[in-house]
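A single structure is presented below for examination.
Values below: all heavy atoms of this structure, side chains included; hydrogens, waters and symmetry mates excluded. Just so you know, residue 1 is the first one in the sequence shown, and it goes up from there. Model, not experiment: these values are computed from the prediction.
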Amino acid sequence: MKFNVVSLFPEFFASPLDVSFVGKARRDGLVEVALLDPRDHATGVHRQVDDAPYGGGAGMVMMVEPLAKTLEPLAHTHRVYLTPAGRPLDQATLDRFSNMEEVTLLCGRYEGVDERVVEHFIDEEVSLGDYVLLGGEVAALAVIEGVTRLLPGAVGNPASTEHESFRHRRLEEPQYTRPAEFRGWAVPDVLLSGDHARIEAWREEQREQRTKDRRPDLIED
Ligand code: 6GU
């Protein structure tokens with residue numbers, strides 16, 4: 001699978017794409033990431049990529065020409081614009097992307113991009129959630145990491161992406177490992193009982209309780 005990342009700050013991606021799981025997946029040839037800087041397509045002595053908004057207002061808008069020249073050759077890919085005005089990213093979206101051959105991620109900065117870019121060169125707009133960041137770069141990394149772990153051959157244990165949070169609309173139960181007691185803080189007895197039916201019943205109850213307390217929307221929707 002290939003990602004094209006369009007960003008005014010390609011340096012942003014250096015270490016996150018090199019380390020850990022995604023770094024290994026790239027070295028193994030499972031996933032490829034190309035970084036594209038719209039400034040490479042900027043014209044004029046100042047190589048300008050942003051300008052003041054028509055109609056006035058604060059901040060700057062990413063200009064149509066450098067983005068058009070960057071995105072037009074990528075019409076064969078699924079082009080996603082990362083913006084707080086998009087649909088919130090969820091597991092179903094990551095699953096969908098993981099079945100595509102090539103996905104392009106446009107990272108907005110400043111007040112966003114000229115809307116003509118969205119109209120002519122974007123297939124889908126995605127947000128990380130209801131809060132404001134400085135740009136789409138963190139969201140692009142979230143998409144790459146969330147998709148990479150779904151790719152066949154990426155996870156050591158194939159069962160581990162099956163039973164996780166959100167697929168079944170429940171949060172995960174708490175986990176413990178050795179020692180059984182630390183500073184007097186004990187692991188719940190049931191987990192040491194060896195009674196697998198009781199353990200599964202306890203885990204199920206924990207998932208339900210947590211979801212009810214923290215994410216009632218997952219149950220009600
Ligand atoms: Cl994709 N971009 C920015 N700038 N802020 C965000 C976001 C994206 N998702 C949530 N907040």
Practice item. Would you mind checking if R109 and E137 are paired as a salt bridge, meaning a charged N to carboxylate O distance below 4.0 Å? Key: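 A salt bridge is present here (some side-chain N lies under 4.0 Å from a carboxylate O).
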
**Study point:** Linked hydrophobic residues, I199 as query - side chain contacts closer than 4.5 Å
**Key:**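 Taking Ile, Leu, Val, Met, Phe, Trp and Tyr as members, I199 shares its hydrophobic cluster with Y176, V187, V190, L191, L192, W202.
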
Report, one line per pair, each donor and acceptor closer than 3.5 Å where one atom sits in a side chain of residues 45-54; sequence neighbours left out.
unit_1	atom_1	unit_2	atom_2	d
R47	NH1	R39	O	3.3
Q48	NE2	D50	O	2.7

**Study point:** Between D95 and S98: side-chain donor-acceptor atoms closer than 3.5 Å
**Key:**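 Absent: no donor and acceptor within the cut-off.
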
Exercise for review: Would you mind checking if E200 and R207 are paired as a salt bridge, meaning a charged N to carboxylate O distance below 4.0 Å?
Suggested key: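 A salt bridge is present here (some side-chain N lies under 4.0 Å from a carboxylate O).
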
Review point. Got a salt bridge between R210 and E173, using NZ or NE/NH1/NH2 to carboxylate O under 4.0 Å?
Key: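 E173 and R210: not salt-bridged.
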
**Study point:** Sidechain-backbone polar pair: D114 side chain, M63 backbone, donor-acceptor under 3.5 Å
**Key:**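 Not confirmed, D114 side chain does not pair with M63 backbone.
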
Check your understanding: CG/L171 to NZ/K212 distance, rounded to the nearest 0.5 angstrom?
Key ->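 Output value for this atom pair is 13.5 Å.
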
**Study point:** Among L82, V117, V118, V5, the one residue meeting side chain to side chain contact (heavy atoms under 4.5 Å, CB included) with L106
**Key:**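 Of all the options given, the one that passes is V117.
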
Point to revise | Lys/Arg-Asp/Glu bridge criterion (N-O < 4.0 Å) met for E65, K69 | key: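 Salt bridge between E65 and K69, a charged N being under 4.0 Å from a carboxylate O: yes.
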
Check your understanding: Hey, which of T77, L35, V147, T104 is the one that makes side chain to side chain contact (heavy atoms under 4.5 Å, CB included) with F3?
Key ->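 Of the listed residues T77, L35, V147, T104, the side chain to side chain contact (heavy atoms under 4.5 Å, CB included) partner of F3 is V147.
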
Exercise for review: Please round to the nearest 0.5 Å and tell me the distance separating atom NZ of K2 and atom CD of E32.
Suggested key: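 Between K2 NZ and E32 CD, I get 4.5 Å after rounding to 0.5 Å.
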
Practice item. Taking the side chain as every heavy atom from C-beta outward, state whether V143 and V80 have any pair of such atoms under 4.5 Å apart. Key: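 Of all side-chain heavy-atom pairs linking V80 with V143, none is under 4.5 Å.
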
